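One-based numbering along the sequence shown. Just follow the structure's listing: the first ligand is 1, and inside any ligand the first atom is 1. Note that the coordinates shown come from a computational prediction; the quantities given were computed from them, not determined experimentally.
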Amino acid sequence: MSAVETRPADAGRLAHNYHPLPVRVACGEGAWVTDVDGRRYLDLLAAYSAVNFGHGNPRLIAAAKAQLDRVTLVSRAFENDRLEPFAAALADLAGKDMVLPMNTGAEAVESGIKVARAWGYRVKGVPDGRATIVVASGNFHGRTTTIVSFSDDPQARDGFGPFTPGFRTVPYGSAEALEAAIDETTVAVLLEPVQGEAGIIVPPEDYLPAVRRICDDNRVLMIADEIQSGLGRTGATFACDRAGVVPDLYLLGKALGGGIVPVSAVVGDADVLGVLRPGEHGSTFGGNPLAAAVGLEVVEMLRSGEPQARALALGEVLERRLRPLIGHGVTAVRVRGLWAGVDIDPEVGTARQVCERMMAAGVLAKDTHGQTVRFAPPIVIEEADLHHALDVFEASLRA
Ligand SMILES: *Cc1c(COP(=O)(O)O)cnc(C)c1O
């Protein structure tokens, strides 16, 4: 059957930029979603970690509803009473001075690039127009034309040039290669502390500390794209915490919007983020009162440390269940907190086929890069439900 025939009939009006599993969700609660026919499924993707706190999280829904009745959008032309409290809480959570609020993850990445370049010219003294940024192979930072310019995934790039210059790609996980790519024009190193879309690639233990040291030695900003890895997923507030590293800029998104509205941010200290002057950067929706109210509640939840601890504990369950599958339909398992990439033995089928079998048994997961299944359930998932999902996964390897 072709991809088109497996789509619901009326999806013909959508651009074909996704190939979804043929399930049509009508509502959701916690780690569960229900389709239009009333079938329930466990959600093991959590919208690529944008739904870390579960579908319809009562605290987040209450915060959003309260704000809907007050005011939702005034633009940054005026101040709003939700934005400063949100910025202060998020900056405190990250141990930084300042927050630049945006909407989508790609906008946070673009904003981080602009900030790093402006810092390079105005503070570091790089000649105008010459700034370079070092990035890693296998990266995923979003879908804008500048961001796909430094992707090495042909699917993300092909057909979308001409590309934005100013980026150098080095192998992910090699501190030596990274150091060798830095010269006097380098303003920043931009990395995912764990690569999400690449298949939950956890770098060698000494890698991020080495990157931090190299950035310090060369007066280069370390920018951590924590859009998918941050805000509880890895069993810590930031994946960088687990490596004992503090970047100069955090790029946040996805879970920051509580699964309700798109909220992203660049978080950093005043000596870096302070380079932006009024009128140089902005967004009509960035920092709107509804986004700020939801984002503030997300930060309040993380401040307790409870989601992080839960992700860590459930992540141990996940790892204990997945590891023994190596050699039994699975060729590799990578786990960081409640987040796993599992490589499927081609003898069993493709990752897509495994996901289709799981869907038929009531569990939704998503393949990435052909042979990898990603597990990223909402952190609120019940332990018994996680076990059930893993039972279904094991059965799907035998099918
Ligand atoms: C999803 C993602 C992005 C892009 O976020 P969007 O909201 O889809 O623009 C950027 N970086 C990483 C690491 C991501 O996982």
Side-chain angles (χ1 to χ4, degrees), residues 15 17-18 20 45-52 100-116 133 135-153 155-157 160 164 167 169 172-173 188-203 208 211 222-234 236-240 242-243 247 249-267 283 285-288 291 294-295 298 334 336-341 366-369 372 374-376:
N17 59 327
Y18 277 89
L45 180 65
Y48 305 92
S49 291
V51 183
N52 275 0
L100 169 63
M102 299 294 287
N103 309 284
T104 65
E107 283 178 304
V109 174
E110 290 275 355
S111 304
I113 291 167
K114 287 175 73 176
V115 166
I133 294 176
V135 299
S137 59
N139 71 72
F140 182 86
H141 296 287
R143 300 292 198 170
T144 64
T145 45
T146 286
I147 293 171
V148 300
S149 295
F150 55 88
S151 166
D152 54 14
D153 178 355
Q155 260 200 319
R157 274 174 69 92
F160 301 122
T164 308
F167 299 94
T169 307
Y172 187 66
V189 169
L190 168 62
L191 292 172
E192 297 156 86
V194 174
Q195 289 189 327
E197 295 307 303
I200 324 303
I201 309 298
V202 182
L208 294 173
V211 172
M222 180 177 179
I223 306 178
D225 181 345
E226 295 253 16
I227 289 163
Q228 193 167 159
S229 61
L231 309 180
R233 174 57 56 193
T234 66
T237 304
F238 303 110
C240 282
R242 299 224 27 201
L249 296 176
Y250 290 104
L251 308 180
L252 303 175
K254 292 199 167 109
L256 192 57
I260 298 172
V261 279
V263 186
S264 71
V266 182
V267 187
S283 159
F285 285 88
N288 71 74
V294 172
V298 166
R334 297 170 297 274
R336 195 62 145 180
L338 190 55
W339 202 21
K366 182 71 174 77
D367 54 294
T368 178
H369 288 93
T372 304
R374 161 182 21 206
F375 294 100

closest protein heavy atom to atom 11 (N) of ligand 1 is Asp225 OD2, 2.7 Å

Within the 4.0 Å heavy-atom cut-off, what His141 brings close to ligand 1 is backbone

| Donor-acceptor side-chain pairing of Ser49 and Arg233 below 3.5 angstrom | yes

Does an N or O anywhere in Ala106 fall below 3.5 Å from an N or O of ligand 1? yes

Worksheet entry | Asn52 (side chain) donor-acceptor with Gly232 (main chain) under 3.5 angstrom | no

Per-atom filter on ligand 1: closer than 4.0 angstrom to a heavy atom of Phe140 are 1 (C), 2 (C), 3 (C), 11 (N), 12 (C), 13 (C), 14 (C)

The option among Gln228, Glu197, Lys254 carrying the non-hydrogen atom nearest to atom 3 (C) of ligand 1 is Lys254

query = Would you call the rings of His141 and Phe150 parallel, tilted or perpendicular, where under 30° means parallel and over 60° means perpendicular?
reply = tilted

So the atoms of ligand 1 within less than 4.0 Å of a heavy atom of Glu192 turn out to be 13 (C)

Can we say Glu197 and Arg374 salt-bridge, meaning some charged N sits less than 4.0 Å from an Asp/Glu carboxylate O? yes

Polar contacts were defined as any N/O atom of the residue lying under 3.5 Å from an N/O atom of the ligand; does this apply to Gly105 and ligand 1?
yes

The reported gap from CG in Leu231 to OG1 in Thr237 (rounded to nearest 0.5 angstrom) is 8.0 Å

